[in-house]
Amino acid sequence: MSADTLPDADWDTVTGWGRTAPTGALVVRPRTYEEAAAAVRDCGVRGGIARGLGRAYGDAAQNAGGAVLDMTGLDRVHAVDAAGGTVLCDAGVSLHRLMEVLLPLGWFVPVTPGTRYVTVGGAIGADIHGKNHHVSGSFSRHVVSLELLTADGRVRTVAPGTPLFDATAGGMGLTGVILTATLRLQPVETALMSVDTERAADLDDLMARLTATDHRYRYSVAWIDLLARGGATGRAVLTRGDHAPLAALPARSRARRAPLAFRTSRLPATPDFLPGGLLSRTTVGLFNEVWYRKAPRESRGRLQRISTFFHPLDGVPHWNRVYGRGGFVQYQFVVGHGREEALRSIVRRISERRCPSFLAVLKRFGEADPGWLSFPVPGWTLALDVPAGLPGLGAFLDELDEEVAGAGGRVYLAKDSRLRPELLAAMYPRLDDFRTLRAELDPRGVFVSDLARRLAL
Ligand SMILES: Cc1cc2nc3c(=O)[nH]c(=O)nc-3n(C[C@H](O)[C@H](O)[C@H](O)COP(=O)(O)OP(=O)(O)OC[C@H]3O[C@@H](n4cnc5c(N)ncnc54)[C@H](O)[C@@H]3O)c2cc1C
């Protein structure tokens with residue numbers, strides 16, 4: 001495809017949120033379904049891949065030398081069923097926009113990740129999970145149906161419980177381009193959260209607290225200090241909560257006057273020229289110490305805005321630049337219940353390795369989701385970020401991959417930029433089904449990404 005066959009297309013450098021492994025692609029910005037179909041039809045030998053807001057950390061939404069379909073121009077909210085609690089929207093709509101539209105009507109998105117700047121297409125493509133996975137499962141469980149533009153140019157209506165749905169939910173854009181989706185929503189009485197916070201002294205204390213009482217909360221997550229060592233290894237701040245009912249708001253408060261108002265705040269953007277070494281072990285160690293100590297030992301029922309509770313990082317535009325030009329790697333894995341020893345061992349290894357990570361979270365997943373390449377399985381998931389330039393990082397994470405795979409666990413493809421393909425089949429047992437369906441649905445391999453090439457998906 002040449003840059004002038006479509007109205008809005010130009011060659012550009014594309015990266016994931018971690019800003020590692022940039023590659024050049026023809027970025028096409030369809031404004032209509034017909035333009036999306038034309039982009040797929042004309043995308044040439046290097047194929048194409050859909051892209052949302054580029055919040056996948058690695059190379060899932062890029063395609064070296066081929067086409068990248070930026071779907072954010074298809075961003076209409078078509079219909080809200082305010083009585084039944086469903087929304088029909090384009091796949092390029094962001095969760096932020098959905099919150100703006102839905103919260104005043106008393107509805108919330110069923111699952112949100114740690115940023116609301118993801119699209120519905122990206123949420124289904126990666127089958128994202130939120131702090132409520134132990135209760136609500138992942139995003140695709142709340143999809144009533146979706147429309148998928150496949151390699152043959154057809155638009156198929158895809159319903160849950162079908163092989164095509166299960167391949168598409170978590171299928172990283174490789175079954176086609178999602179054009180629209182109908183989602184089931186979560187009712188809320190207010191735009192505030194009622195939040196309990198507590199500190200855990202070490203990893204075992206943290207796991208015991210999560211196991212004993214997670215079921216009481218719809219949302220639960222723990223920030224974990226991966227630089228703490230010795231007896232404090234794995235110390236954490238546990239934050240759990242639920243949507244605040246109207247009755248929980250103080251009488252005559254501002255919140256009472258507009259309980260469903262969606263409020264956010266935004267700080268100035270991070271500059272693009274930060275020195276790479278800003279996040280040293282010393283600065284991150286200090287940050288972690290302060291963060292841990294400033295958290296209340298125990299607090300109950302504190303009211304917080306939805307944006308503060310779910311998306312604190314969204315207040316700082318381009319915070320990913322804090323890692324400097326070299327970018328950073330997100331490493332997220334899950335190991336099942338009964339594999340706590342593997343989790344302990346990995347946390348110990350990370351803290352002994354002194355990885356300067358200040359965004360590390362531990363969560364307990366609920367039931368697995370039907371998507372063949374969906375990430376969650378019942379057990380423990382740890383996510384951490386590490387500057388990409390850390391000496392020896394590649395070999396160290398390769399060793400962690402082995403340990404994760406050996407414990408029957410897996411790494412999350414939406415975060416990945418470096419996994420070796422040999423381990424993939426052990427991590428994702430339905431990989432062969434996925435490959436077979438893809439080969440039948442897209443025999444010419446129209447849909448392809450850097451991630452798909454690297455991992456032979
Ligand atoms: C700060 C931060 C916090 C995060 N927290 C979490 C979290 O808590 N839980 C979690 O699960 N994830 C989390 N993520 C990851 C993020 O939710 C996923 O990577 C999500 O897929 C990003 O959506 P996007 O619209 O930016 O998609 P992109 O990053 O642009 O694309 C991601 C994948 O979706 C596919 N895709 C995008 N649009 C379409 C479409 N229309 N049709 C078909 N496929 C499509 C792409 O091909 C690609 O494979 C976080 C990311 C950030 C930056």
Side-chain angles (χ1 to χ4, degrees), residues 52-53 55 71-133 135-147 160 169 178-195 217-219 221 241-249 253-266 303-315 369:
L53 280 160
R55 262 35 177 207
M71 296 301 291
T72 55
L74 278 161
D75 61 350
R76 286 161 301 176
V77 177
H78 293 283
V80 181
D81 176 354
T86 59
V87 61
L88 165 63
C89 61
D90 282 342
V93 130
S94 69
L95 297 195
H96 174 83
R97 179 69 193 134
L98 284 184
M99 287 174 208
E100 286 180 333
V101 171
L102 297 170
L103 269 169
L105 302 173
W107 296 100
F108 189 56
V109 295
V111 168
T112 175
T115 171
R116 57 187 182 274
Y117 295 107
V118 300
T119 62
V120 167
I124 299 170
D127 199 14
I128 60 167
H129 56 271
K131 295 178 182 184
N132 56 346
H133 188 273
V135 175
S136 308
S138 62
F139 195 88
S140 299
R141 262 207 230 170
H142 308 273
V143 174
V144 178
S145 78
L146 58 85
E147 285 182 303
I178 302 163
L179 297 176
T180 67
T182 302
L183 312 175
R184 240 184 324 267
L185 303 168
Q186 168 68 35
V188 294
E189 290 181 17
T190 73
L192 292 170
M193 304 298 296
S194 169
V195 183
Y217 299 90
R218 177 174 294 276
Y219 302 99
V221 76
D242 214 327
H243 296 281
L246 199 53
L249 308 195
S253 63
R254 181 172 166 229
R256 270 271 168 169
R257 288 197 295 276
L260 287 165
F262 177 42
R263 296 198 168 89
T264 61
S265 48
R266 232 159 147 74
L303 293 177
Q304 261 183 6
R305 286 177 184 177
I306 273 183
S307 56
T308 311
F309 180 76
F310 289 106
H311 316 118
L313 288 168
D314 285 347
D369 304 287

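FYI, side chains are in, hydrogens and waters are out, and symmetry mates aren't considered; it's all heavy atoms of this structure.
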Task: M193 and H243: CA distance, side-chain angles, deciding distance, side-chain contact (heavy atoms from CB on, under 4.5 Å) verdict - done: CA-CA 5 Å; M193 304 298 296; H243 296 281; 3.5 Å; yes

- [ ] Carefully, step by step, assess L146 and I124 under the rule side-chain contact (heavy atoms from CB on, under 4.5 Å).
- [x] CA-CA 10 Å; L146 58 85; I124 299 170; 4.0 Å; yes

Open item on the list: Using side-chain contact (heavy atoms from CB on, under 4.5 Å), reason through L88 and T180 one step at a time and then give a plain yes or no.
Closed with: CA-CA 7 Å; L88 165 63; T180 67; 4.2 Å; yes

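Closest approach of T308 and P312 over heavy atoms only: O-CD, 3.6 Å. When all heavy atoms are compared, the tightest approach of C89 to V77 is CB-CA, 4.0 Å. Of all the heavy atoms in S94 and L53, the pair that sits closest is CB-CD1, 3.8 Å. In terms of heavy-atom proximity, L303 sits nearest to A248 at CD1-O, 3.8 Å. Between L95 and V111, the shortest heavy-atom distance links the atoms CD1-O, 3.8 Å. For the residue pair G92 and D75, the shortest heavy atom distance occurs at O-CB, 3.9 Å.
Contact annotation: the side chain of V120 approaches that of L98 to within less than 4.5 Å [non-hydrogen atoms, C-beta and beyond]. Residues H78 and D90 have side chains in contact (heavy-atom distance under 4.5 Å, counting atoms from C-beta outward). Contact check for L185 versus T86: no side-chain heavy atoms found under the 4.5 Å cut-off. Side-chain contact between Q186 and H142 is absent, with no heavy atoms from C-beta onward closer than 4.5 Å. Looking only at side-chain heavy atoms (C-beta outward), F139 and H129 stay at 4.5 Å or farther from each other. When side chains are defined from C-beta on, V80 counts as touching V101, because their heavy atoms get closer than 4.5 Å. Side-chain atoms of R55 and T119, non-hydrogen and from C-beta on, never get closer than 4.5 Å to each other. Residues P113 and I128 form a side-chain contact, since some pair of their non-hydrogen atoms from C-beta on lies under 4.5 Å apart.
Rounded to the nearest 0.5 Å, atoms OG (S136) and CZ (R141) are 8.0 Å apart. Taking CZ of F262 as the start and CD of E100 as the end, the distance is 6.5 Å to the nearest 0.5 Å. Summarising the geometry, atom OG1 belonging to T190 is positioned 5.5 Å from atom CG belonging to L249; distances are rounded to the nearest 0.5 Å.
The side-chain tip of K131 points at the ring of F309 from less than 6.0 angstrom away and within 45° of straight on.
A centroid separation of 6.0 Å or more is found between the aromatic rings of Y219 and H133. Ring-centre distance between F310 and F108: below the 6.0 Å cut-off.
Using a distance-only test at 3.5 Å, with no hydrogens or angles considered, a donor-acceptor pair links the side chain of W107 to the main chain of A82. Within the 3.5 Å criterion, the main-chain N or O of R263 finds a donor-acceptor partner in the side chain of S307. No donor-acceptor distance shorter than 3.5 angstrom exists from the side chain of N132 to the backbone of R218, with no hydrogens or angles considered. A distance-only check finds a donor-acceptor pair linking the side chain of E189 to the backbone of L246 [under 3.5 Å].
A donor-acceptor pair shorter than 3.5 Å cannot be found between the side chains of T264 and H311. Side-chain polar atoms of S140 and D127 form a donor-acceptor pair below 3.5 angstrom.
The side chain to side chain contact (heavy atoms under 4.5 Å, CB included) with M71 is formed by just one residue from the set V93, L179, I178; it is L179.
Taking a cutoff of 4.0 Å between a charged side-chain nitrogen and a carboxylate oxygen, D314 and R116 qualify as a salt bridge.
Around the CZ atom of R254, the shell of radius 6.0 Å holds no more than 12 heavy atoms that belong to other residues, nucleotides or ligands.
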